[in-house]
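Sequence lines set the chain letters: A, B, ... in the order given, protein chains first and strands last, and positions in each chain run from 1. Side chains included, hydrogens not; waters and symmetry mates left out as well; all remaining heavy atoms used. Bear in mind that the values here come from a model prediction, so they are computed numbers and not experimental data.
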Amino acid sequence: MDYRLRKRDRIRSRKEIILLLKSGKRIENKEFKIILREREENSRIGVSVKKNIVNSVKRNRIRRVLKEIFRKNREKLKKDYDLFIIVKKDISSKTYHEIESAFFALLAKGKALKEC
RNA sequence: AGGGGUAGAGGAGAGAUCGCUUCCGCAUGAUGCGGAGGAGGAAAGUCCGAACUCCACAGGGCAGGGUGCCUCGUAACGCGGGGUUCCGGUAGUUCUUUCUACCGGAAAGGAAAGUGCCACAGAAAACAAACCGUCCCGCUCUUACUUCUUUGAAGUAAGGGUGGGAUAAGGGUGAAAAGGUGAGGUAAGAGCUCACCGCUCCGGUAGUAAUACCGGAGGCACGGUAAACCCCACCCGGAGCAAGGCUAAACAGGGAUGUUAAGGGUUGCCCGCCCGAUAUCCCGGGUAAGCCGCUUGAGGUUAUGGGUAACCAUAACCCGAGAUUAAUGAUCUCUCAAGACAGAAUUCGGCUUAUACUCUACCCCUUUGC
RNA sequence: GUGAGUGUAGCUCAAUGGCAGAGCAUCGGACUGUGGAUCCGAAUGUUGGGGGUUCAAGUCCCCUCACUCACC
């Protein structure tokens, strides 16, 4: 399995994001809002952290951790998706593993994961 | 030894695995492989100053904004260095005033160009006058005493009233009361006169200067506030890398002006200047994908020299991020003092603010010892 | 990137440089069998924070924090 996360694996234009926001399926809890839509092949990710988390170092860490989680666990997705994650709460003080389990719990709620 | 302040230096390290991104090389034809590099002292706030680019010129006046002890540094600054004066603290000195040293701070030009303001209290708040009071003189009333033979009159003293004059010493206030203290002087007083201090003016000396010191003269005039208006001196064209340029794609055009003067530009106004036909302006429509700008620069490090210093000069060596949904990360292990504030977006010079912990220098406080 | 504004009692807002107020809300009392309404009374402030100018600062000046808005 390829664990890399190259440019083609990321959602890279404003136009695409607006389209996704209009047409995608939404799942959310207190921390995240995930918008996803099925794709033919090659899952892609985009992360947006709200500015109410004032400190930019914290925003950067949250975004990087989420990208890392996606990179390592892409094969667990049921199908290929465009996946846009909006972070609503400051979760920068949590560890990688706490964020990971919270993220998977939400994805499972949206039935986007393979059956284990 | 502990605490505080100011200034400065640093601000976790090592290993393994999996990634991201820029450049170079090779393979190749869109990705692989290898190599090298990859956030800060504040990258922050956007409070100042510049570079750079465009607006076809930037020139004058008014308006507006900014700065304001002196001097040096700088590309420039509202920044920095050094000095002056004033203020605060500490220590010493002195009966006290004062003087000296060290540390810290200051938007520190002009109040004898003009205007405004100075609540409450107070007699009065800026023109020094009125009032109370003090003193002298006149008139008058009351009381007491004395003198004259009595009625009564005169005189003296004290007190009250009133008129004229002298005065600014005193008047409970206030942030501030018209030089201060002491002596003389006077009817009472007063820079009225004198001594010391302060102040103003003039001259000299030292210094580039701010200013300091010395000498002389003047009886003293000039309350505070310009971070109130204002005056004076100096500075400022406007916009900002979403500047601006190129390529590609897409769309729908319409209107106005028009040959020497309408119009337009010069982003507050006037003059002036400029543009003026495949032109200019206005309205409407379309696209927003890529490339350049984009990192070698008022650049760093070291040495030598100059300078009290900020800084400057010369030489050698070095190249140390360049993204665009936006790289510099994640996990695990080990070490210790257990890791703060915090993330580049055109680029520099400052200022300001945040900052666990460690260290250095100076100053202050507390305690203990010599 | 550029520019403008706001911050005062729990809330909404006032206040020429001169004793920080109003309305609503809160609390206590009266009225009522009880509650509401009404009447009487009371409490409430580091004027976002720090420093400066001034005799005196919410007001003037500087720095700073938070928030809001506008334009490209």
Side-chain angles (χ1 to χ4, degrees):
Chain A
M1 186 62 200
D2 194 354
Y3 285 111
R4 290 177 302 188
L5 188 71
R6 290 167 298 192
K7 278 184 177 174
R8 64 177 186 201
D9 303 319
R10 305 197 293 257
I11 304 167
R12 295 188 64 223
S13 86
R14 178 178 169 78
K15 215 175 180 180
E16 285 180 308
I17 291 166
I18 291 168
L19 205 71
L20 183 59
L21 287 175
K22 279 181 181 169
S23 62
K25 178 189 174 189
R26 291 150 186 267
I27 16 169
E28 64 181 296
N29 61 10
K30 278 182 184 172
E31 286 90 15
F32 310 106
K33 178 189 271 187
I34 300 173
I35 295 129
L36 51 85
R37 191 173 62 162
E38 286 183 36
R39 252 178 135 243
E40 306 289 310
E41 54 174 358
N42 194 16
S43 289
R44 298 193 301 177
I45 186 172
V47 182
S48 171
V49 185
K50 280 201 166 188
K51 265 282 179 66
N52 60 6
I53 303 160
V54 177
N55 191 308
S56 65
V57 173
K58 290 178 179 174
R59 286 201 305 273
N60 271 344
R61 191 187 124 81
I62 292 166
R63 186 168 44 76
R64 283 164 180 162
V65 167
L66 282 170
K67 279 163 71 177
E68 188 73 9
I69 291 165
F70 176 80
R71 181 175 74 80
K72 287 190 171 167
N73 301 293
R74 197 149 43 146
E75 81 279 4
K76 290 183 183 167
L77 291 171
K78 201 192 275 178
K79 298 171 184 168
D80 282 331
Y81 293 106
D82 268 348
L83 205 65
F84 193 72
I85 306 158
I86 295 167
V87 181
K88 299 195 288 189
K89 269 197 163 180
D90 187 4
I91 50 168
S92 63
S93 56
K94 294 185 179 176
T95 64
Y96 171 84
H97 296 293
E98 285 172 338
I99 295 169
E100 189 181 37
S101 56
F103 181 65
F104 280 137
L106 189 59
L107 278 181
K109 185 181 160 195
K111 292 170 184 161
L113 291 177
K114 285 179 184 171
E115 302 298 326
C116 295

Within 90° of 0 counts as syn, otherwise anti: where does C:rA42 fall? anti
Could you list the residues that satisfy side-chain contact (heavy atoms from CB on, under 4.5 Å) with A:Lys72, not counting sequence neighbours? A:Glu68, A:Tyr96
For RNA chain C, just give me the dot-bracket, please: Watson-Crick or G-U, both distances below 3.5 Å, ( ) intra-strand, [ ] crossing earlier pairs, | paired with another strand, . unpaired. (((((((..((((....[..)))).(((((.......))))).....(((((..]....)))))))))))).
The side chain of A:His97 lies closest to which of these nucleotides: B:rU31, B:rU331, B:rG329? B:rU331
In whole Å, what is the span from the CG atom of A:Asn60 to the C1' atom of B:rA39? 11 Å
Return the nearest nucleotide to the side chain of A:Asn55; candidates are B:rG343, B:rG19, B:rA330. B:rG343
Per atom distances to the A:Arg4 side chain, the nearest of B:rG19, B:rU331, B:rG343 is B:rG19
5'-most by nearest nucleotide on RNA chain B - A:Val65 or A:Val57: A:Val65
Do A:Asp82 and A:Arg39 sit within salt-bridge range, that is, some charged N less than 4.0 Å from a carboxylate O? yes
G-U wobble or Watson-Crick pairing nucleotide for B:rA250 (cut-off 3.5 Å, both distances): none
Which nucleotide, in any strand shown, forms a Watson-Crick or G-U wobble pair with B:rG163, with both distances under 3.5 Å? B:rC137
Pairs under 3.5 Å (N/O, protein and nucleotides 322-325 of chain B):
{"unit_1": "B:rU324", "atom_1": "OP1", "unit_2": "A:Lys7", "atom_2": "NZ", "d": "3.3"}
{"unit_1": "B:rU325", "atom_1": "OP1", "unit_2": "A:Arg12", "atom_2": "O", "d": "3.4"}
{"unit_1": "B:rU325", "atom_1": "O2'", "unit_2": "A:Ile11", "atom_2": "O", "d": "2.2"}

Tell me whether A:Ile91 shares a hydrophobic cluster with A:Val47, the cluster being built from Ile, Leu, Val, Met, Phe, Trp, Tyr side chains joined at under 4.5 Å. yes
